[in-house]
K.L.:
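Take a look at the following structure, please.
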Amino acid sequence: MSVFEGFRFRHVTSPIHNRDPRIKFLFVLAIFVIAIFFMELLPLLVLFFVPLPFVWVAGVKKEWLRSLRGAVFLASFIFIFNFVFGYLYRSYPSTTTLLEFSLAMTLRFLVLVESFSIFFLTTSPDHLSLALEQSHVPYEFTFAFTTAVRFVPVLAEEAQTIMDAQKARGLELERGNFLKRVRNYIPILIPLIVSAIRRSLELAEAMESRAWGASPKRTNLYVLKIKAGDLALLVLAIGLLVLGIYVRYFVPIPQLSTFLPPLPF
Amino acid sequence: MATIEAKDIHFTYRTGVEALKGVSLTIKDGEFVAIMGQNGAGKTTLVKNFNGLLRPTKGEVNVDGISTKDVSVAKLARTVGFVFQNPDHQLFSETVEEEIAFALRNFGFDEAKVEKRVTWALNLLDLTEYRKTSPFMLSGGERKRVALASVLAWDPKVVILDEPTIGQDHRQKENLRQFIVQLNEQGKTVVIVTHDVEFVAECSPRVVLMREGKIIADGAAKRILTDTTLALEASIVPPQITQIFHGLTFLGLPSDVIDVSEAKKILVEHFRGSRR
């Protein structure tokens, strides 16, 4: 469940939390795009360290590490798949380059997770919905989206309670072969889904009774404005993007493995 | 022989919240204990340590002399049945019958025995007519009974009930009370976690009062619930009948009354005496 902790917002203010979510999103997007540009290990390694100062400044180190730890399983999957299939099809000159390529692909995934989690760790659902609204997304979608985000930790907590309740009735999740293990999750999933549906119906009723959607033109107590810090972040994002494009097209990127002695296999 | 023994246990959640700060408690075989205290006092955390759902970060819990550190929840559950607050957190089967059989199958009972136990549990909680009904079609109170039946079906030595009275009307509560008392009289150890002072007053069990992760009082309901200082400390309100008697001490009436019928007897005697 710790994976979902990344979605939980804590009310803190920091230079990162206070940034306009739209600009923050553009920044994350820039990192996304640059990560997709490169398939080599070296630039991805550099890229991995770019958002780290933000984690420090925002003071979300612990939560951020937790999200990364949650991604380890999928990351190892990506690594193994790349390595095994690359090996089977012999599409690489040597095992070392294949290893480097697999590592790069894994790192690319981690960069995506990293920047994504920084964005969510430092942006409250309220800010997010404001940003969407001011970007002219219809309010119905905005509302649905923020509600979904907001309920992720709630659902995770509920899943934990359900697991406890079923364990107390003798359910052993870790027992049996693969198929049995998958089936073990039925007693967890059914109550979880039922309660999620029930919750959403209740939410809908509560919204209706508070005259949701009564006035077509909504106003907000807070309005997002671009400040100097936001502009600086925007410049940084564009700068990074330009740098990324420049390096991609005009700088030859060395293979890290050429600096290492070749592997014995 | 002590059934559950907690030795100076501490528990800290992964979020860093220290929910238990050194709790020692022994619950003997066949005892009836109510654990009370305000929200966040650590009541539920404590009882979750009794069946291994949580393991103490410091200290030790022994169930029938075996440390919870050494056995799985599934194994402990065989001895310590835990009925969760919200039945919706556990109901998932197509029929009530299947729901009750779930735990029995987990514990490896053979089919003949499962059948027998299911019939017994359905009968016990007056659910026989719903045998083939989907648990999701039942009312809140009935769902709660199904959850209870699904735990009692395997006849655990200890039954823990987390907030059993929440969302129950008066009659259901009265039924529940009689049922719990009956279970206890049959020799089961019963532990309830609750805020419901009136309910506890009527059951009159041993009361363990908690506050901020510590036990602040432990004794008979009659003593604990009538102690205004303790009540204030644990943010509970004494039962209404006790409050009345606290206001009537000038008549020379006792101040440690929690039971309505006892109160009635005392009052009748008092006024008969004063008339004479």
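Atoms considered below: every heavy atom in the structure, side chains included; atoms not considered: hydrogens, waters and symmetry mates. Reminder, nothing fancy here: chain letters follow the sequence lines and each chain counts from 1.
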K.L.:
Looking at residues at least two apart in the chain, or sitting in another chain, which of them share a ring-ring contact (aromatic ring centres under 6.0 Å, His included) with Phe32(A)?
P.N.:
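ring-ring contact (aromatic ring centres under 6.0 Å, His included) check on Phe32(A) returns nothing, list empty.
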
K.L.:
Please state whether the side chain, the backbone, both or neither of Thr161(A) comes within less than 4.5 Å of a heavy atom of chain B.
P.N.:
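Both backbone and side chain of Thr161(A) come within 4.5 Å of chain B.
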
K.L.:
Do Lys144(B) and Glu163(B) sit within salt-bridge range, that is, some charged N less than 4.0 Å from a carboxylate O?
P.N.:
no

K.L.:
Can the positive tip of Arg169(A) be found less than 6.0 Å from the middle of the six-membered ring of Phe102(B), inside 45° of the ring normal?
P.N.:
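The answer is no; the distance or angle limit is not met.
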
K.L.:
Of all of Trp154(B), Phe92(B), Phe107(B), which one pairs up most often with chain A through heavy atoms under 4.5 Å apart?
P.N.:
Phe92(B)

K.L.:
Looking at chain B, which one of Leu171(A), Ile193(A), Leu192(A) has the largest number of heavy-atom pairs inside 4.5 Å, strictly under?
P.N.:
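The candidate making the most pairs under 4.5 Å is Leu171(A).
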
K.L.:
With sequence neighbours left out, which residue pairs that include part of residues 75-95 of chain B fulfil the side-chain hydrogen bond (donor to acceptor under 3.5 Å, both in side chains) condition?
P.N.:
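Qualifying pairs: Glu158(A)-His89(B), Arg198(A)-Asp88(B), Asp88(B)-Arg143(B), Gln90(B)-Ser150(B), Ser93(B)-Glu99(B).
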
K.L.:
Strictly less than 4.5 Å between heavy atoms, which residues of residues 43-54 of chain B line up against chain A? Please order them by number.
P.N.:
Lys48(B), Asn51(B), Leu53(B)

K.L.:
Once you measure the plane-to-plane angle for Phe83(A) and Phe79(A), does it fall in the parallel (<30°), tilted (30-60°) or perpendicular (>60°) bin?
P.N.:
parallel

K.L.:
Is a donor on one side and an acceptor on the other found under 3.5 Å between the side chain of Arg55(B) and the backbone of Lys69(B)?
P.N.:
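Looks like no, no N/O pair under 3.5 Å.
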
K.L.:
Out of Ile162(A), Asp164(A), Ile186(A), Ile190(A), return the one with the most heavy atom pairs under 4.5 angstrom to chain B.
P.N.:
Asp164(A)

K.L.:
What pairs of residues pass the side-chain hydrogen bond (donor to acceptor under 3.5 Å, both in side chains) test when at least one of them lies in residues 126-138 of chain B, not counting sequence neighbours?
P.N.:
Glu97(B)-Arg131(B), Glu97(B)-Lys132(B), Glu115(B)-Arg131(B), Thr119(B)-Arg131(B), Tyr130(B)-Glu142(B)

K.L.:
So, Phe54(A) versus Trp64(A), ring centres under 6.0 angstrom or not?
P.N.:
no

